[in-house]
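Here the structure comes first, spelled out in structure tokens, and everything after it is commentary.
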Amino acid sequence: MALELVKIRYETGRYSWNVLDEYGMPVDSIRDWIVHLEQINQSPNTIQAYARHIARLGSYLRANGKNLEKINVTEYDQFLQWLPYHMKYRDAAAYNLAYFSSALPPLSPTLRNQVHLAVKSYYRYHSGRTPVFATVDVSQHYQPDQSYKSFLEHINARRTSRKKDPYLQGDLGKVRRKITQKRMSPESVLDLIRACHLIRDAFLITLLYNTGMRIGEALGLRHSDIDLADKIIWIIPRSDNENGARAKSRRARAVPVMPYVIAMYEDYITDDEYAPAFESGTEYVFCNVAKGRIGKALSKSYSENLKGYLIKRTGYQFTWHHFRHTHASEAIADGHGLLAIADRLGHASPQTTLDFYKHLFSSEVRKLHLSGPDRLEKRLEELRSAGISLSTGGLKWI
């Protein structure tokens, strides 16, 4: 009875998603909706997550003798109560789809919001397209007699209440400690760079730290996006990257970088390590240089594996998004304004930047780590001048 999310790969290298029923047949209503999401240029990661949530919802309903075309609010609430069990015991949940346990902690606010968004998107699409979905069951649950609201309206009304910004609570010393814990020092960035066995990986870390790019934006970076003369990295939204990477923002933006970033890029593409990729004619900056199809753009799974390796080698617990947070913190500390930082990060609105980093715009916090990138440049130059090399013979001057 379980619905299965599967990946579709086309001959061009592009991929998509589909959901199969217990007989291995596509669920047309979900596939049509996925195609719609692709046509409105939704992120591949968003499409994958949304489709997975709808497949889970469909699996749960089928286990209870229902289907996606016939659902009410009570059943949806029970699905949300069952979902933590499924997330924790995936194998057992595959054979016990109707079971749920109140002993498990509820879904996190982030995951709950993502499920709500997926369900709203799915039913909005079908309610305006197919009569069957326009008659989704209504529920009187928690409503006075003779007062009805559609299932979709119930989902629309659901909001996850935001907690008060934790950075605004307590004394300033506590605020500083929390900020420090979430920021990477130039010394820790340097340790991560030195732990890399390839110039390519060292350059990836340097680039993320200096630009605040998302990991997906970096994996989709092409040589034509790097302006050597003006020392600018252009982040271009594309939907045809062979690894599925893309810029989240729908507009191009330019990020000026320091000269040593450009110097490191030039070292990378002129080193013997990159020679096979150069001969392949690849246009991707971060591509396979030793294994797999030489010149093919690096996948998201490789970036996750690299992160795991670096955590083991250095002991630093980090995510790729830590570099983005650190970069924004450095920019605020150096006195850059809200509009400039929002543009540099590629946020759709300055309000987004303010929501994330409003706790850093105080004059006290701004005094912390005023010149991190300069300190990293100095250390890199010292190591380069000393002729220190990696044990594997990779980066020549780190």
Side-chain angles (χ1 to χ4, degrees), residues 1-73 75-76 78-80 82-83 86-87 90 93-95 97-98 107 111-137 150-156 216 220 237-246 248 250 299-301:
M1 289 184 290
L3 301 184
E4 179 185 4
L5 180 67
V6 296
K7 191 174 186 178
I8 304 171
R9 188 177 297 278
Y10 299 98
E11 292 181 354
T12 59
R14 189 177 70 86
Y15 63 87
S16 183
W17 302 92
N18 202 354
V19 173
L20 306 181
D21 62 18
E22 61 269 30
Y23 304 108
M25 299 300 294
V27 180
D28 292 337
S29 62
I30 300 181
R31 177 58 188 167
D32 291 346
W33 167 64
I34 291 174
V35 171
H36 166 70
L37 294 180
E38 292 173 338
Q39 291 304 310
I40 62 175
N41 202 34
Q42 282 281 14
S43 161
N45 291 336
T46 298
I47 295 174
Q48 179 185 3
Y50 280 16
R52 180 178 289 113
H53 293 320
I54 296 301
R56 289 167 174 166
L57 176 59
S59 296
Y60 177 79
L61 291 172
R62 287 185 177 219
N64 286 277
K66 301 283 186 177
N67 54 53
L68 288 168
E69 293 81 8
K70 196 173 183 63
I71 181 176
N72 59 41
V73 176
E75 291 161 349
Y76 181 66
Q78 291 173 344
F79 162 71
L80 294 176
W82 164 82
L83 193 52
H86 172 79
M87 301 290 291
R90 295 177 189 274
Y95 300 99
L97 293 169
L107 297 175
L111 182 56
R112 180 178 288 266
N113 277 350
Q114 191 180 78
V115 173
H116 289 342
L117 291 172
V119 172
K120 284 193 288 186
S121 172
Y122 179 74
Y123 283 105
R124 278 176 178 167
Y125 169 70
H126 283 294
S127 64
R129 175 179 179 273
T130 308
V132 172
F133 281 85
T135 59
V136 171
D137 279 3
S150 72
F151 171 73
L152 187 56
E153 286 175 343
H154 272 286
I155 306 303
N156 283 337
R238 299 184 177 95
S239 58
D240 61 345
N241 288 329
E242 61 183 12
N243 57 0
R246 55 182 278 167
K248 187 175 181 180
R250 297 184 181 181
S299 64
K300 183 180 178 182
S301 61

Do the side chains of [Y] and [X] get nearer than 4.5 Å, heavy atoms only?
| X | Y | answer |
| --- | --- | --- |
| Leu111 | His53 | yes |
| Ile54 | Val119 | yes |
| Tyr76 | His116 | yes |
| Leu20 | Pro26 | yes |
| Trp17 | Ile30 | no |

Main-chain N/O of [Y] paired to [X] side chain as donor or acceptor, under 3.5 Å:
| X | Y | answer |
| --- | --- | --- |
| Arg62 | Leu57 | no |
| Asp21 | Tyr23 | yes |
| Ser59 | Ala55 | yes |

For a side-chain contact (heavy atoms from CB on, under 4.5 Å) check, start with the C-alpha distance between Lys66 and Ile71, then their side-chain angles and the critical distance, and finish with the verdict. CA-CA 7 Å; Lys66 301 283 186 177; Ile71 181 176; over 6 Å; no

Of all heavy-atom pairs between [X] and [Y], which one has the smallest distance, and what is that distance?
| X | Y | value |
| --- | --- | --- |
| Ala51 | Ile34 | CB-CD1, 3.9 Å |
| Ala118 | Trp33 | O-CZ2, 3.8 Å |
| Tyr60 | Glu75 | CE2-O, 4.0 Å |
| Leu37 | Ile47 | CB-CG1, 3.9 Å |
| Gly220 | Arg238 | O-NH1, 3.8 Å |
| Ser29 | Tyr122 | OG-OH, 2.9 Å |

For the residue pair Trp82 and Phe79, does the interplanar ring angle fall in the parallel (under 30°), tilted (30 to 60°) or perpendicular (over 60°) class? tilted

Mutual orientation of the aromatic rings belonging to His36 and Tyr125 [parallel < 30°, tilted 30-60°, perpendicular > 60°]: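 Parallel: the ring planes of His36 and Tyr125 meet at under 30°.
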
Is there a side-chain contact (heavy atoms from CB on, under 4.5 Å) between Lys300 and Asn45? Walk through the geometry before answering. CA-CA 10 Å; Lys300 183 180 178 182; Asn45 291 336; 3.7 Å; yes

Given Arg9, Arg31, Lys7, the one that forms side-chain hydrogen bond (donor to acceptor under 3.5 Å, both in side chains) with Ser16: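 With Ser16 as partner, side-chain hydrogen bond (donor to acceptor under 3.5 Å, both in side chains) holds for just one option, Arg31.
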
To the nearest 0.5 angstrom, please state how far the CG atom of Leu83 sits from the CZ atom of Arg112.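 Rounded to the nearest 0.5 Å, the CG-CZ separation comes to 9.0 Å.
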
Could you state the interatomic distance from CZ (Arg56) to CG (Leu61), rounded to the nearest 0.5 Å?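 Between Arg56 CZ and Leu61 CG, I get 14.5 Å after rounding to 0.5 Å.
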
